[in-house]
Student: 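Here it is, the structure in full.
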There are 2 protein chains.
Amino acid sequence: MSVAESVETSLSIAEAADATGLTTHTLRYYERDGLLLDAVDRASSGHRRYSEDDVGWIRMITRLRATGMPIREVRQYADLVRAGDGNEAERLQLLVAHRDRVRQQLAEVATHLEAIELKIGLYERTTCTLT
Amino acid sequence: MSVAESVETSLSIAEAADATGLTTHTLRYYERDGLLLDAVDRASSGHRRYSEDDVGWIRMITRLRATGMPIREVRQYADLVRAGDGNEAERLQLLVAHRDRVRQQLAEVATHLEAIELKIGLYERTTCTLT
DNA sequence: GCTTGACTTCGAGTGCACTCCAAGGCGCAC
DNA sequence: GTGCGCCTTGGAGTGCACTCGAAGTCAAGC
């Protein structure tokens, strides 16, 4: 923990887990699975050192995951970014497709939620009557 | 199919699947797993006959599922309903807890979506510049 | 009366996303 | 110098929700 303040801030895997809300297991899993842009830097001991860029990217992919993008597709996106400049149109296409799916799913969930709230209204009336 | 118009409308499993958007596999799975209120009626041939009540209940549980309620909890809810009158408060509690989770998750997804839309905005500017 | 097709059961298989384990390394505190 | 805790690896295990397969039944049409 005393190593935490290096010249440029870099985090241990536990700190990165803390910072991103993932577990250390998941962080290693994501790296193995090609979701990160590069292999994370290592200290001389072999321990991972996460840069701010790493953490920023991981936050991005947690947003994608939290909105339901499958791992496979996150990897595709990472592959595009890793490939460097020139494929921005493809990245855009991927993100737009995802956005549209999320919007639609959000709308569907909202509709279902309304139906559930209606049901709750019925039960509330019942239990009020009973009390 | 010519049997479709019985005295009181009852549906074959394929028709019920059509009506609910589930597969016949899933319908049988739900029944096996105790998600339905009773075992579905059978024709003399042993084939399932879904009543309108059955279909209504299945629609309700697809709404619960579509909003992320785990199978296990849907079963608990079904158990309560099956137990009959007197536990409305428990059912209400279960639904309210679910509603709150859904609302929160909806809000989180909306936030993540905004961040993703921001990213899309950046890419749109990039690709415009390139063109 | 034989084929066709929709249905039945039970159990096994699939895909996804983690999640955990065993065996071992490193560096600091006592 | 030894225990402690955090880290490493590869691979195996878990939980969820389906999804499929095999073998067989039944009613209807030709």
Side-chain angles (χ1 to χ4, degrees), chain A residues 1-6 10-36 39-51 54 58 61-78 98 101 105 112, chain B residues 1-6 10-36 39-51 54 58 61-78 98 101 105 112:
Chain A
M1 295 288 164
S2 54
V3 200
E5 317 89 24
S6 331
S10 82
L11 306 180
S12 72
I13 192 166
E15 291 162 340
D18 244 43
T20 58
L22 301 174
T23 67
T24 57
H25 292 301
T26 304
L27 283 174
R28 281 189 279 259
Y29 163 64
Y30 279 4
E31 186 177 343
R32 252 190 303 185
D33 230 47
L35 268 55
L36 305 192
V40 175
D41 280 352
R42 302 308 170 108
S44 59
S45 60
H47 293 192
R48 288 172 177 80
R49 309 277 5 167
Y50 290 81
S51 70
D54 289 333
I58 292 164
I61 70 183
T62 58
R63 276 194 284 271
L64 296 175
R65 290 286 308 120
T67 49
M69 185 184 282
I71 294 282
R72 178 179 4 98
E73 204 170 324
V74 177
R75 186 168 43 234
Q76 283 171 23
Y77 183 56
H98 180 60
R101 280 198 309 269
Q105 193 229 330
H112 291 309
Chain B
M1 296 294 163
S2 54
V3 199
E5 318 89 22
S6 329
S10 83
L11 305 180
S12 72
I13 192 166
E15 291 163 341
D18 243 44
T20 58
L22 301 175
T23 67
T24 57
H25 291 301
T26 304
L27 283 173
R28 281 188 280 258
Y29 163 63
Y30 279 3
E31 187 177 343
R32 252 190 303 184
D33 232 46
L35 267 56
L36 304 192
V40 175
D41 281 351
R42 302 305 172 109
S44 59
S45 60
H47 292 192
R48 289 172 178 80
R49 308 277 7 170
Y50 290 81
S51 71
D54 289 332
I58 293 164
I61 69 183
T62 58
R63 276 195 284 271
L64 296 175
R65 291 286 308 121
T67 49
M69 184 182 285
I71 294 281
R72 179 178 3 99
E73 203 169 323
V74 176
R75 186 168 42 234
Q76 283 171 21
Y77 183 57
H98 180 60
R101 281 198 308 270
Q105 193 230 332
H112 290 310

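We name chains A, B, ... by the order of the sequence lines, and we start the count at 1 in each one. Side chains are part of it too, since the values below use all heavy atoms of this structure and drop only hydrogens, waters and symmetry mates.
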Student: When you measure from the side-chain N and O atoms of B:R28 to the phosphate of C:dT9, is any distance below 4.0 Å, counting only OP1 and OP2?
Tutor: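 Negative; the distance criterion is not met.
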Student: Figure out the CG/P separation between B:L27 and C:dA6, and round it to whole Å.
Tutor: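 Taking CG of B:L27 and P of C:dA6, I get 16 Å after rounding.
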Student: So B:S12 and B:H47, side chain to side chain donor-acceptor pair (under 3.5 Å) or not? Walk me through it.
Tutor: CA-CA 7 Å; B:S12 72; B:H47 292 192; over 6 Å; no
Student: Figure out the CZ/P separation between B:R32 and C:dA12, and round it to whole Å.
Tutor: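 Result: 12 Å.
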Student: Nearest to the side chain of B:S45, which nucleotide is it out of D:dT9, C:dC26, D:dA27?
Tutor: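 Closest of the options to the side chain of B:S45: D:dA27.
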Student: Who passes side chain to side chain donor-acceptor pair (under 3.5 Å) against B:Q105, sequence neighbours left out?
Tutor: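 Once residues adjacent in sequence are excluded, B:Q105 has no partner under the side chain to side chain donor-acceptor pair (under 3.5 Å) criterion.
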Student: Does a side-chain heavy-atom distance below 4.5 Å link B:V74 with B:Y30?
Tutor: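 In short, these two side chains do not touch, never coming nearer than 4.5 Å.
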Student: What's the angle between the local helix axes at either end of the helix from C:dG1-D:dC30 to C:dC30-D:dG1, using five pairs per end and rounding to 10 degrees?
Tutor: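 It works out to 10° between the end axes.
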Student: For B:Y29 and D:dA17, give me the distance from atom OH to atom P, rounded to whole Å.
Tutor: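 Whole-Å distance recorded here is 6 Å.
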Student: Under 4.0 Å: is that the gap between some side-chain N or O of A:R48 and OP1 or OP2 of D:dT8?
Tutor: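 Yes, A:R48 has a side-chain N/O under 4.0 Å of OP1/OP2 on D:dT8.
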Student: Does a nitrogen or oxygen in the side chain of B:R65 sit under 4.0 Å from OP1 or OP2 of D:dA17?
Tutor: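 Checking B:R65 against D:dA17: at least one side-chain N or O falls below 4.0 Å of OP1 or OP2.
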Student: For DNA chain D, whose closest nucleotide is more 5', that of B:G68 or that of B:H25?
Tutor: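 Of the two residues, B:G68 wins.
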Student: What is the distance, rounded to the nearest whole Å, between atom CG of A:D33 and atom C1' of D:dT9?
Tutor: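 The answer, rounded to whole Å, is 16 Å.
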Student: Expressed as a whole number of angstroms, how long is the span from B:M69:CE to D:dC18:C1'?
Tutor: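 That distance rounds to 19 Å.
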Student: OP1 or OP2 of C:dA17 less than 4.0 angstrom from a side-chain nitrogen or oxygen of A:Y30, does that happen here?
Tutor: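 A:Y30 to C:dA17 OP1/OP2: no side-chain N or O under 4.0 Å.
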Student: Is any side-chain nitrogen or oxygen of B:S12 closer than 4.0 Å to OP1 or OP2 of C:dC7?
Tutor: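 Indeed, a polar side-chain atom of B:S12 lies that close.
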Student: Quick check: closest heavy atoms across A:T67 and A:H98, and the distance to 0.1 Å?
Tutor: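 Scanning both residues completely, I find the closest heavy atoms to be OG1-NE2, 2.8 Å.
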Student: Compare the minimum distances between each of C:dT8, D:dT8, D:dC18 and the side chain of B:I13, then state the nucleotide with the smallest one.
Tutor: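 Selected nucleotide (nearest to the side chain): C:dT8.
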Student: Please determine whether side chain to side chain contact (heavy atoms under 4.5 Å, CB included) holds for the pair B:L11 and B:R48, giving the CA-CA distance in whole Å, both sets of side-chain angles, and the decisive distance to 0.1 Å.
Tutor: CA-CA 8 Å; B:L11 305 180; B:R48 289 172 178 80; over 6 Å; no
Student: What's the CZ-P distance between B:R42 and C:dC7, to the nearest Å?
Tutor: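 Distance, rounded to whole Å: 12 Å.
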Student: Any side-chain heavy atom of B:I71 within less than 4.5 Å of one from B:Y29?
Tutor: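 Counting from C-beta outward, B:I71 and B:Y29 do come under 4.5 Å.
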Student: Rounding to an integer number of Å, can you tell me how far A:E31 CD sits from D:dT9 C1'?
Tutor: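 Going from A:E31 (CD) to D:dT9 (C1'), I get 12 Å.
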Student: Calculate the interatomic distance between B:D18 atom CG and C:dA6 atom P; express it in whole Å.
Tutor: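 It works out to 12 Å between those atoms.
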Student: Among the candidates D:dC18, C:dA17, D:dC7, find the nucleotide nearest to the side-chain atoms of A:I71.
Tutor: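 When the side chain of A:I71 is considered, C:dA17 is the closest of D:dC18, C:dA17, D:dC7.
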Student: Kindly say whether B:S51 contributes a backbone atom to a donor-acceptor pair with the side chain of B:D54 at under 3.5 angstrom?
Tutor: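 Side chain of B:D54 to backbone of B:S51: a pair is present.
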